[in-house]
Every structure is written in structure tokens, then in C-alpha cells.
Amino acid sequence: MARGGGEWAMPDLLQTLADRLAAAFAQVAPGADPVLRRSDRADFQANGALALAKRLGRPPQEVAEAVVRGADLGDLCERVEVSGPGFVNLTLAADALAEALSTMGADDRLGVARSEPAERVVVDYSAPNVAKEMHVGHLRSTIIGDALVRVLGFLGHEVIRENHVGDWGTPFGMLIEHLLDLGEAAALKELSVGDLDAFYREARASFDADPAFRERSRRRVVLLQAKDPETLRLWQLLVAESVRAFQEVYDTLGVLLRPEDVVGESAYNDQLPEIVAELEAKGLLVEDQGARCVFPPGFTNREGQPLPLIVQKSDGGFGYAATDLAAIRDRVQRLGARRLLYVVGAPQAQHLQMCFAVARLAGWLPEAVDAEHVAFGSVLGTDGKMFRTRAGGTVKLADLLQEAVARAEAALAERGQEDEDPAERRAVARQLGIGAVKYADLATERTRDYVFDWNRMLAFEGNTGPYVQYAHARIRSIFRRAATEPPPRGTRPLLEAPEERALALALVAFPQTVAEVARSAFPHRLCQFLSELASTFTAFYETCPVLRAETEERRQSRLALCDLTARVLAQGLDLLGIAAPERM
RNA sequence: GCCCCCGUAGCUCAGUGGAUAGAGCACCGGCCUCCGGAGCCGGGUGCGCAGGUUCGAGUCCUGCCGGGGGCGCCA
């Protein structure tokens, strides 16, 4: 039964298609999955009939035909046909595509619906260590976490950013003593110039070389844990100076993290005894070699013995597992989170899985709350080994970002126009260089290791930030050149040329792509979408004259397509935390 | 020794159990009185190996091989 065309709001054409197919399959067998996929034979194909046929004991083609007969697709598809062993091939109607683009264009959200219901999501990311430089490992966590925060926020979820910085533990004894040795003023000066690692190394050197220093450091740790006011004050100096340094990097990077998002490990100190007590009360705690542990089922060590999560060390101190458990409890109970995302490197997989398991056992992590390890791989150099400086040291994030901007500026200078304003070039270089670094990180499937390669990430070709930014800037230049505003939002385009139709098909996938990124926590799918949209656009622009279109109607239609594409590119980049310059 | 992740084209990477596995780079060849050539169009190579599950496997399972990581009191 086809509905009449044009009356309904269809902000997300592909969702509508999926819903209609689900209904058609449900008529044949309740709950049957249409298995809707992109197709190279048509626009889409529904493969669900094959699995269903098996279940029903009927021939697949017959099932597929039954689905097609019962499907309400008349207004969406111009062709629906059963093919091969029982595939349902779907070709969208040009009218439906044009209507969808019109609805998308009229919508400030470009067809992306707010998630219903909205969820409270805690995203744990970045997590650098006080008195240490941020390095490439923090880069991945920070960039991926920021993109997820933006995507979830755009979908209407209530996102709580948590920067779980390492601000506690035995090293602080030696750091504080080193601070005292230098004198507060001199120490703060050294820290403020940004060389946190040098400070740490010096402290470490004293610790290793001088037994007296070692002893002072130990006593200082005890004082710190006992909340001695003067010791806390000195510790706070270190924390504040580090948070300030982190914020400089975050600002350069253009991520949403703020000092108030810092919830350091120390924030849970007061709760750690309760954590142990609750575990004890629930009978989960086992004392083993003096340490108090929980042995979650399913985890074994090298001898095949149960693997402990050490909550309290034999010396009475709390392990980081205790802190992580306290954080889970806090996020669920106090913050009311429905979903917890941990943007943490893959090596910590087992630790996190054990924490989740223990939190489930203890009742701190109810079934209704999802805890997900958003794992990512290492950053490698072009030699395939861990990314390091030529001297073999870790690469400071601040230096890396500076180099990105410098390289981008050089690339712009090489090809830039004469009339360029140096200040603007500088600004664009920042957007380009930082964008390139972020995009390169986000564009590969995050669980893989990824190769950090300046030349590749700054190339204006392929799945890169500059390529997507360039496509956007090029579109914006059309309107500058024409000295015209884009047509009214919601202008319904004509889809005549195959390239126009291909562009339309690319555009309508935006809402589903964003939803998929939020669900899977895989930002690379948005990168994939954007680079494909950009290349589909350039093919369109190559073939279809816009400003010199044959008729005014066609010109307006194509300008509307250009505008919608530019808006989707800019919105998509924004969701990745990447700027979309007007010109470059 | 056990556990986890990864292995797709020469290189960098996509690929939610579906039909003939896709991009970009590099290489070759076209398209320029070109709305931004930083472009477009075309050209060929590949799922580490061996089994298994399935109507159907790059995808799921098992075992190998290769790379990386983890494996009690660091965080």
C-alpha cells in the first residue's frame, strides 16, 4: 500500500526505509531481521529472506516475494525486485531522495534525530599523569574521546566528561621532595616552561642516587596519605601546574576538556575504605599473600590459577583497582550514568574487564548499565615501531602539534594565493595541521595500531582531513564567487544526472552514520562517510555545471546540493572536533 | 607456558554472515579556452596457513604461523 507522496516528514530516509522493511518482514515472521545493506546491484539490498526461509522451511525466493508483496515501499523505491537466491534489491525513487534532501536541508540538525531516550553517558578519556608530559598515547585517548563526546552530545545524550588524571601514588613523595630541594619558586618556574618530564627525571635521579632523599620521599608519601596540610599544599601546586599545562594542549588541540572535567584518582581516596568494606561484606574479598583481592570468575594467570584483582596491597595501601572500582560506583550511583565509556589503550583490556566483572559482582554495575572499553592500538612510526623521537624518547604532544601547524603552514605557503592575509594563513594552518593529526587518528579503526605519517595525513588526497576540509572550502568558494547566498534551506533539488543522484544517496546516509558512531564508538565510520561524500561531491562538481547551469531552476537546484553538502561536511567535521575553514 | 589484540593489493587502510572483496598512495594512460587541476575518468594485483560450522565465511569456531601487548601488590 503506497502512501501519497510529499506530505510526511522524512528527516531520515534510510531509517524510514529500514522501518518499512522491518514491518514487511514482521508480516511474514515476527521479529525477522531484514538485514538491510548497501548493494552494488541496487542502492540497497535486504538479505533477511534467506535466513528466514531456513527458519520457516520455505524456499527463499518465495519468502522474498512474500516480503515484497507486503512491503509498503511505493513512495520510497522506484524498483523493488527479488534477485538471485532471495535477495531483495531496492532502488530509491528520485522523488523520495529529493524529498529527503529537502527535509534534511530544512533541518538545523541535518536529519539527525535526537536519541530517544536520552542517556547519561560518562566518558573517561585523556587521563594524563601529573608531572609528566602528555605523549602520543594520550593523544589517541583525547582525540577519540572528544569525538565520541561530541557525537553523543549532538544526539542529545547527557555527556559527562571525566579526565581521570594520575595525581596520586608513591611517586609524589619524591616529586614533592624534589620541589622542596629546588625551592618552590624555582620549581614552579621550571614546571611552567612546560618541561614536566625533566622535572620528573631529576626527581627520579635524586631518588635513585641519594638514600637520604629516598627516605625523605617515603616519609613524604606517608604525610601525603595522612593529609598533612603543608604536604597537601605542595602536592596541589604540582597538580595545578600540570593541569594548566594539560589545558594548553587541550586548547591547542581544540577539544572540549576543561580543568573542571579533571576528576583525578585522588578524588576517590575517601571512598576506598568503603570499597574494601563493601567487598568484604559481600564475601567477595579474599586475603592472599597479605593482599586483599577479588577473584572474578573467568580470569586466570600464567599457571592457570584464578587471577586476582588486588584491591588493597599487603602494606595496607590501595591499588589502582580500588580507585577504578570506586569510580565505577560513583559514576553509577552518584552521577546516575546509564553508559560508561573508557577510552583507554588496548593493553589495559584485561584490567578493565576484571574491574567491570568485580563491579558487577559487587552490585555497583547493574545489568542496565553498559560499561565499554573503547580500546585503541598504539601509535607507530613509519618504521612500524613505537612512535618515538629520533633519539628514542617519547614525543611531547606540544612539540608534535607545533610541528603539525608548521608543516601545514609550509604546505599552504607553497601553494597559497598571493593576496592572502598572513594572519589568516596562520589561522588556517592551525586548522589544517591540527585537523590532519586528529583526522588521521580517527580515520583508522581504533583497535588497530596506526602509523603516524606526516606526509600521508597532510596529503590533500584520500581519506584525510585536508581532503575533506578542501572539499568544504571549495564549495564555500562557489558562493563567494557567485556573490550569492545559498538557496533557501529546504529547496528541493532536481536529481537528473547520475552524479546528482549519487550525491543525494551519499548525503542521506548522514543520520544513520552518526547514530552508528554513537552506538559502536567507532569514529572512523564518520571519517569514511565524509571522505566518500567529499569525493562524490567532486565527481558531481566536475560533471554538473553549477554557476553556469543551463537553466536558473537547475542552477538553484545545484546550489542547494552544494550548500547541503557543505553543511554536512562541516557538521561531520565538527562532530570529529575538526574545523571547516571557509577558504584554504 | 596461559590470555588478549592484530594479520586484506607493493604501501596506508575500509569491509555490521550474503551475490563479482573496495578506496587512497605509488605505477601507466586519458581529460585542461579548467564554476579552486590540491581535480576528474579509466587501467591490476590481495583476504597469513589448514580444518570446521553454514544454503553462503575476509567476517563465526578450532589448531598452527607471524607481529604486538598483558599475566599480584606501578598507575
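Letters A, B, ... mirror the listed sequences (proteins, then strands); counts begin at 1.
Within residues 451-464 of chain A, the residues that place at least one heavy atom under 4.0 Å from RNA chain B are, in residue-number order, A:Val451, A:Arg456, A:Phe460, A:Glu461, A:Gly462. For RNA chain B, the neighbouring residues in residues 522-531 of chain A, judged by any heavy atom under 4.0 Å, are A:His524, A:Arg525, A:Gln528. Annotation: proximity of residues 547-562 of chain A to RNA chain B (heavy atom, distance under 4.0 Å) is found for A:Leu547, A:Arg548, numbered in ascending order. The stretch residues 38-45 of chain A touches RNA chain B through A:Arg41, A:Gln45, each having a heavy atom under 4.0 angstrom from the strand.
A cation-pi arrangement, defined by a distance under 6.0 Å to the six-membered ring centre and an angle within 45 degrees of its axis, is absent between A:Arg37 and A:Phe44.
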In dot-bracket, 5' to 3', how would RNA chain B read with Watson-Crick or G-U wobble pairs under 3.5 Å, [ ] for crossing ones and | for pairs to another strand? (((((((..((((....[...)))).(((((.......)))))....(((((..]....))))))))))))....
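Residue A:Gln353 is out of contact with every strand shown, counting any heavy-atom pair closer than 4.0 Å.
Closest approach to the A:Arg448 side chain among B:rC6, B:rG72, B:rC73 is made by B:rC6 (side chain taken as heavy atoms from C-beta onward).
Taking the salt bridge (Lys or Arg N to Asp or Glu O under 4.0 Å) definition, one finds that A:Asp208 meets it with A:Arg204, sequence neighbours left out.
When the C1' atom is used for both B:rA19 and B:rG7, the distance is 26 Å, rounded to whole Å. Distance check on atom C1': B:rC13 versus B:rC49 gives 23 Å, rounded to whole Å.
Between B:rG17 and A:Arg37, a contact under 4.0 Å exists linking OP1 or OP2 to a side-chain N or O. Using a 4.0 Å cut-off, no side-chain N or O of A:Tyr467 falls inside it from OP1 or OP2 of B:rG39.
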